[in-house]
**Q** 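I have a structure here, written as structure tokens, and I will follow up with some questions on it.
In what follows, every chain begins at residue 1, and chains take the letters A, B, ... in the order their sequences are listed. All values below were derived from every heavy atom in this structure, side-chain atoms included, with hydrogens, water molecules and symmetry-related copies excluded.
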Protein chains: 2
Amino acid sequence: MDQSEDPSGGSRTLARPKAARRSAVDPQEPQRPDRRSAILLSAEALFAERGYAAVSVRDIATRAGVPIALVGYYFGRKQELFGTIFAHRQVYITERIARIEEVDCGPSNPNAVADLVRAWAEPVITLRGSEAGDVFSLLVARTAWDPGPEATAIIERFYDPLARAFVAAMGRALPDVAGDRIVWAYEYAVGALLMYVGDKRIERLTHGRAISADPALCADFIRFISAGFNTLRQGDPPA
Amino acid sequence: MDQSEDPSGGSRTLARPKAARRSAVDPQEPQRPDRRSAILLSAEALFAERGYAAVSVRDIATRAGVPIALVGYYFGRKQELFGTIFAHRQVYITERIARIEEVDCGPSNPNAVADLVRAWAEPVITLRGSEAGDVFSLLVARTAWDPGPEATAIIERFYDPLARAFVAAMGRALPDVAGDRIVWAYEYAVGALLMYVGDKRIERLTHGRAISADPALCADFIRFISAGFNTLRQGDPPA
DNA sequence: TCGCAATTTATACAGTCGTACATAATATTG
DNA sequence: CAATATTATGTACGACTGTATAAATTGCGA
């Protein structure tokens, strides 16, 4: 499908929302249903549920209650709509990077590892429960494990910076540990966090008693991951 | 295999491999190419690379070098072929369950947690490097995160027993810890292991220096997860 | 009111998909 | 040999896909 890099096609000018320009007279009136946002939210929810490839443009349009062609009018190709969703939520990512870089990773802080893990994970966990947060967290988990080229491009573009920021900070907190071992440990932590926010099996294994909003659960998670990173201090260096 | 749900359509009898019946005269001669196995291996590799939905029956047939209709002749629907792949590798799963149940989880064993984690993870990690092991491990990781109904049915059928065996054994090793907290920790461990065997980002983040065959890496992983489980001992009970 | 731009809509195109089916080729048995 | 079972194959069907395009409708400043 890709054909890709420069798929613009050139001829058609992509629609930009010139709407909502009756200006700031009465911002909270319903003001003619915002169908662009409806499409964006519909796509986000569907991609989060089923993954990129399993959602058709028709599904998105149907759920949003608009004709199919309107999706292309506002967002161009399916792939660009996918990217727009993440761009729309990018603040969630930059906030996490900012919190990571606020942590004191110097030798004076004995809790640097746990502080770092908390700064990295807590924004995601506390996001759960809010409506948009639940949907987007699930979308990220789905996308992180989606082997398709559209999904990997998104992860590389939006989440590699976060990964590098965390690994760099953890390298400062654990100055005697080889960088590659920290990267591997980061992978394990990501895998665990993705399960926390995205796995559906937990309800089956706990017979429906699972509640991911429990704050004690968040504390358990941070302890689990922090203890893992701390084991790197004593381990054998890689061969 | 159950073949199951009864989508059979009734009329057509599914092919069963009556071949290789020229008996035990000369088992290693090429004996007319085994196209059934070729299809099975082709499908396994493609599903592992791209996930269930992103692979077409035509892709499978082309890679195996057989006409499309032969896939249906041997395996019926795509969904049944998917299940047959896992049934074919089921010994990998039962071996892990057996190793878990061999571990002494009584109070006399101070290393019960680490022994359990090793019994659970080591068969997967050491499988990597063998050709079939690499492919199947990746397939499991893809399937575990595939939200489609075909994939979730497979995980429930083949991997829920492994999960319950591990959780039960860990409950014996940590008798004072609530069961649901162990289930959550198990989810984190699964997430980490899936990243170990299935993530492609590691090469990007380590600038291509990652080598998952390194035995020190296996030791790091088991230490990481064991330390996580051990934190459950001291944690606050859930609210 | 007209005129222009923004938005909306129906429809069509060229592909790919899973699956089925009739027939051909080959092997096995009598 | 003939008869029968197994394996192999080409082809076609209806459904669904992403995307494009021309035309209709609406909103708004002049």
Side-chain angles (χ1 to χ4, degrees), chain A residues 1-4 6-23 25 29-39 43 46-47 50-62 64-83 148-150, chain B residues 3 5 7-23 25 31-39 43 46-47 50-62 64-82 148-150:
Chain A
M1 165 206 323
D2 63 359
Q3 104 201 43
S4 61
D6 169 47
S8 51
S11 61
R12 192 168 53 100
T13 63
L14 193 63
R16 312 272 260 86
K18 298 291 168 41
R21 186 136 38 91
R22 89 179 61 182
S23 82
V25 288
E29 70 165 324
Q31 68 176 1
R32 192 146 78 91
D34 185 356
R35 316 181 75 173
R36 188 180 185 274
S37 301
I39 294 169
L46 285 171
F47 286 143
R50 307 185 208 157
Y52 178 81
V55 174
S56 75
V57 178
R58 282 168 180 80
D59 291 336
I60 296 169
T62 300
V66 303
I68 319 113
L70 205 60
V71 178
Y73 171 72
Y74 275 120
F75 299 99
R77 336 267 278 215
K78 183 185 177 188
Q79 193 172 310
E80 303 168 47
L81 167 59
F82 196 52
E150 304 89 353
Chain B
Q3 107 199 35
E5 320 314 347
S8 51
S11 61
R12 191 168 53 98
T13 63
L14 193 62
R16 312 271 259 89
K18 299 290 169 40
R21 186 137 38 92
R22 90 180 58 183
S23 83
V25 287
Q31 69 175 2
R32 192 146 78 92
D34 185 356
R35 315 179 77 172
R36 188 179 185 275
S37 301
I39 294 169
L46 285 171
F47 286 142
R50 307 185 209 158
Y52 177 80
V55 174
S56 74
V57 178
R58 283 168 179 81
D59 291 335
I60 295 169
T62 300
V66 304
I68 318 113
L70 205 60
V71 178
Y73 171 71
Y74 275 119
F75 299 99
R77 337 266 280 214
K78 184 185 178 188
Q79 193 172 320
E80 301 168 47
L81 167 59
F82 196 52
E150 304 88 353

**Q** Kindly calculate the angle separating the two end axes of the helix from C:dC2-D:dG29 to C:dG30-D:dC1, each obtained from five base pairs, and round it to 10 degrees.
**A** 10°
**Q** Find the distance A:Gln79:CD to D:dA20:C1' and express it as a whole number of Å.
**A** 17 Å
**Q** Any idea which of C:dG18, C:dT8, D:dA8 is nearest the B:Leu70 side chain?
**A** D:dA8
**Q** Looking at every non-hydrogen atom in both residues, tell me the closest pair between A:Gly51 and A:Val55 and how far apart they are.
**A** O-CG2, 3.4 Å
**Q** Whether A:Tyr74 contacts C:dT8 is assessed here as follows: a side-chain N or O lying under 4.0 Å from the phosphate OP1 or OP2. Is that the case?
**A** yes
**Q** Can you name the nearest heavy-atom pair linking A:Ala54 to A:Arg50, along with the distance?
**A** CB-O, 3.4 Å
**Q** What integer distance in Å separates B:Glu80:CD from C:dG18:C1'?
**A** 12 Å
**Q** Does a side-chain N or O from B:Arg35 land closer than 4.0 Å to OP1 or OP2 of D:dT9, or not?
**A** yes
**Q** Regarding A:Val71, tell me which of base, sugar-phosphate or nothing describes its non-hydrogen contacts under 4.0 Å with the strands shown.
**A** nothing
**Q** Between the protein and nucleotides 10-16 of chain C, which nitrogen or oxygen pairs come in under 3.5 angstrom?
**A**
none

**Q** A side-chain contact here means heavy atoms from C-beta on lying under 4.5 Å apart; do B:Pro67 and B:Arg35 qualify?
**A** yes
**Q** For B:Val57, which residues count as a side chain to side chain contact (heavy atoms under 4.5 Å, CB included) partner, sequence neighbours excluded?
**A** B:Ile68, B:Val71, B:Lys78
**Q** Assign the ring pair B:Tyr52 / B:Phe82 to parallel, tilted or perpendicular, where the plane angle (0 to 90°) is split at 30° and 60°.
**A** tilted
**Q** Rounding to an integer number of Å, can you tell me how far B:Ile39 CD1 sits from C:dG18 C1'?
**A** 15 Å
**Q** Can you figure out which of D:dT17, D:dA8, C:dT7 approaches the side chain of A:Asp59 most closely?
**A** D:dT17
**Q** Can you check the B:Phe75 CZ to C:dT19 C1' distance for me, whole Å?
**A** 16 Å
**Q** Side-chain N or O of A:Arg77 versus OP1/OP2 of D:dA20: is the shortest distance under 4.0 Å?
**A** yes
**Q** Consider the side chain of A:Val57, meaning its heavy atoms from C-beta on, and name the nucleotide among D:dT7, D:dT19, C:dT8 that approaches it most closely.
**A** D:dT19
**Q** Is any side-chain nitrogen or oxygen of B:Tyr73 closer than 4.0 Å to OP1 or OP2 of D:dA8?
**A** no
**Q** Kindly write out the residues that satisfy side chain to side chain contact (heavy atoms under 4.5 Å, CB included) with A:Ala64, not counting sequence neighbours, or none if the list is empty.
**A** A:Ala38, A:Ile39, A:Ser42, A:Val66
**Q** B:Thr62: which residues meet the side-chain hydrogen bond (donor to acceptor under 3.5 Å, both in side chains) condition with it, sequence neighbours left out?
**A** none
**Q** Taking only residues two or more places apart in sequence or in another chain, which ones pass side chain to side chain contact (heavy atoms under 4.5 Å, CB included) with A:Ser56?
**A** A:Arg58, A:Asp59
**Q** Whole Å only: how far is the CD1 atom of A:Ile60 from the P atom of D:dG18?
**A** 8 Å
**Q** Would you say that B:Ile60 contacts B:Phe47 through its side chain, given a criterion of any heavy-atom pair below 4.5 Å between the two side chains?
**A** yes
**Q** Judged by each residue's nearest nucleotide on DNA chain C, which is more toward the 5′ side, A:Val66 or B:Ala53?
**A** A:Val66
